[in-house]
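One structure is given below, encoded as structure tokens.
Proteins come first, then strands; the chains are lettered A, B, ... in the order of their sequence lines, and each starts at number 1. What's counted below: heavy atoms across the whole structure, side chains too, no hydrogens, waters or symmetry copies. As the structure is a prediction and not an experimental result, all values here were calculated from the model.
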Protein chains: 2
Amino acid sequence: MEVFEYFPVWDKLTSEQQNTLSRSALRRSVKAGSLIYGGEKECLGLLLVSSGRLRAYIFSEDGREITLYRLVERDICLFSASCMINSIQFAISIEAEKDTEFWLIPPDMYKKVMEDSAPLSNYTNQVMADRFSEVMWLIEQIMWKSVDRRLAGFLLEESALEESRMLMITHEKIANHMGTAREVVTRMLKYFQNEGLVALSRGKIEILDEKRLTEYAGK
Amino acid sequence: MEVFEYFPVWDKLTSEQQNTLSRSALRRSVKAGSLIYGGEKECLGLLLVSSGRLRAYIFSEDGREITLYRLVERDICLFSASCMINSIQFAISIEAEKDTEFWLIPPDMYKKVMEDSAPLSNYTNQVMADRFSEVMWLIEQIMWKSVDRRLAGFLLEESALEESRMLMITHEKIANHMGTAREVVTRMLKYFQNEGLVALSRGKIEILDEKRLTEYAGK
């Protein structure tokens, strides 16, 4: 995908603005497992994901994690360019979950165009509102849903993302996504196995009964 | 406060845009306890708080609540005009915690100006990023902090907002702010009382030892 394909408002930019964005964009590719962005002081730029998958997450002082959202092909990551917007006062980290290719637009270049272009600024607003909606969904999950239901939902989401009923993921990783302890995940998974919903083997979880798991997740 | 005082970018609007905003703004005043906004389908407009205090919160199907943030004098509420931004896919409720006066700018009027004005759109982005930062702070509190520390922090925040060490608030209300059960709040408050941090009486909580409460909150 080319840079212009990420912006439905591209036609509303001047050719100078189009040039600023497309000429400044850098092509990057990272291996699965790489930390792309982390910490408050960094300001990498706008990420436009071409292929692969990124995970945005936060972590506590004692090393616990929770996934905020995932970014896949066609997604734009705004918070890796948080210096562009003064009011952003939180730090997220971004890692590659798969080998990932993306465009990187330097923050000063993007900011320059956004400050002059109402269409681009309004579109940026939409992107932020998208992420805001995902984070609000997460709060509702954490607040109102029990861990077993959230785990059922996570397994289904993971299965949809991977397009497979066989998930190659450790209990530790699931715990980091959900912001809970590994022991809790292991206990719940064993319960799901006893109920015939999943089959467990080392580093693998097979979804056996998607229908009942979906009911369980309360979707 | 007049409408223009809420917008640091006012001078960057055309006089036509300034007129659209200031002429369409409606003066409203509501009593403490009023529900101003609630539900997904509503789209009231942009709220500019002149005096008093509003509370933005979400609630679960079984009636539990958690406070997202408070809005006081000079604050702008964007999510009461969520129809302006298509990507907002969550519903918040807003109630008046005190008698409150505000300006209301109808969503279609604000949207019209924002779509044409890069400065106003960029400023709206800042307002959203402010709220996003508050919600991210909340997630970190929920995820990494124990309920007792959050309660200590809540009492201090409430004391600062009310400019008083004597808080007129029920345990039930505190539970609704924090998204926890009343019993949990009551138990923690009794523990705080035993430790000499607060004194409890019917419908009142007096802060006795702000210094130790602050240490407790881990600030």
Side-chain angles (χ1 to χ4, degrees), chain A residues 8-9 12-13 17 56-68 78-79 82-92 111-145 178-180 218, chain B residues 8-9 12-13 17 56-68 78-79 82-92 111-145 178-180 218:
Chain A
V9 296
K12 294 181 183 159
L13 301 179
Q17 289 168 337
Y57 64 101
I58 52 173
F59 59 89
S60 68
E61 283 171 21
D62 57 354
R64 285 183 293 160
E65 297 183 0
I66 186 166
T67 300
L68 297 174
L78 193 58
F79 296 119
S82 58
C83 57
M84 281 182 350
I85 298 170
N86 303 328
S87 310
I88 297 179
Q89 285 171 12
F90 55 91
I92 62 165
K111 189 176 182 182
K112 192 179 143 196
V113 178
M114 185 173 71
E115 277 177 348
D116 287 337
S117 163
L120 190 67
S121 174
N122 277 288
Y123 182 65
T124 308
N125 235 318
Q126 298 280 357
V127 173
M128 198 192 301
D130 264 336
R131 298 300 162 256
F132 207 141
S133 300
E134 290 183 274
V135 166
M136 288 301 299
W137 180 87
L138 178 65
I139 288 196
E140 296 190 343
Q141 294 285 310
I142 299 168
M143 291 305 301
W144 322 132
K145 272 201 163 181
M178 293 180 53
T180 187
Chain B
V9 296
K12 294 181 183 159
L13 301 179
Q17 290 168 337
Y57 63 102
I58 52 172
F59 59 89
S60 68
E61 282 170 22
D62 58 353
R64 285 184 294 160
E65 296 183 2
I66 186 166
T67 300
L68 297 175
L78 192 59
F79 296 119
S82 58
C83 57
M84 281 183 348
I85 298 170
N86 302 329
S87 310
I88 296 178
Q89 286 171 11
F90 54 91
I92 63 166
K111 189 176 182 182
K112 191 178 145 198
V113 179
M114 184 173 71
E115 277 177 348
D116 287 338
S117 163
L120 190 67
S121 174
N122 276 287
Y123 182 65
T124 308
N125 235 318
Q126 299 280 357
V127 173
M128 198 193 298
D130 265 337
R131 300 297 163 258
F132 206 139
S133 299
E134 291 183 273
V135 166
M136 287 300 299
W137 181 87
L138 179 64
I139 289 195
E140 296 191 343
Q141 294 286 310
I142 299 168
M143 290 305 300
W144 322 132
K145 272 200 163 183
M178 293 178 53
T180 186

Any non-hydrogen side-chain atom of A:Phe132 less than 4.5 Å from a side-chain atom of B:Val135?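 The answer is yes, as the side chains (C-beta and beyond) meet within the 4.5 Å cut-off.
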Part of [X] lying under 4.5 Å from any heavy atom of chain B:
X	value
A:Met136	side chain
A:Ile66	both
A:Thr124	both
A:Leu78	neither
A:Leu120	neither

For the interface with chain B, which of A:Asn86, A:Ile142, A:Asn125 has the highest count of heavy-atom pairs at distances below 4.5 Å?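 Top count of heavy-atom pairs under 4.5 Å with chain B: A:Asn125.
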Pairs in or reaching into residues 116-128 of chain A: which pass salt bridge (charged side-chain N to carboxylate O under 4.0 Å, His left out), with residues at least two apart or in two chains?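 Matches after skipping sequence neighbours: none remain.
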Can you list the residues that meet the side chain to side chain donor-acceptor pair (under 3.5 Å) rule with B:Glu134, with sequence neighbours excluded?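 B:Glu134 satisfies side chain to side chain donor-acceptor pair (under 3.5 Å) with B:Arg131 once adjacent residues are dropped.
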Between B:Leu138 and B:Glu140, does the side chain to side chain contact (heavy atoms under 4.5 Å, CB included) criterion hold? Intermediate values first, please. CA-CA 5 Å; B:Leu138 179 64; B:Glu140 296 191 343; over 6 Å; no
Quick check against the 3.5 Å criterion: does A:Ser133 have a side-chain atom that pairs as donor or acceptor with the backbone of B:Ser87?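 Yes, A:Ser133 side chain to B:Ser87 backbone: donor-acceptor pair under 3.5 Å.
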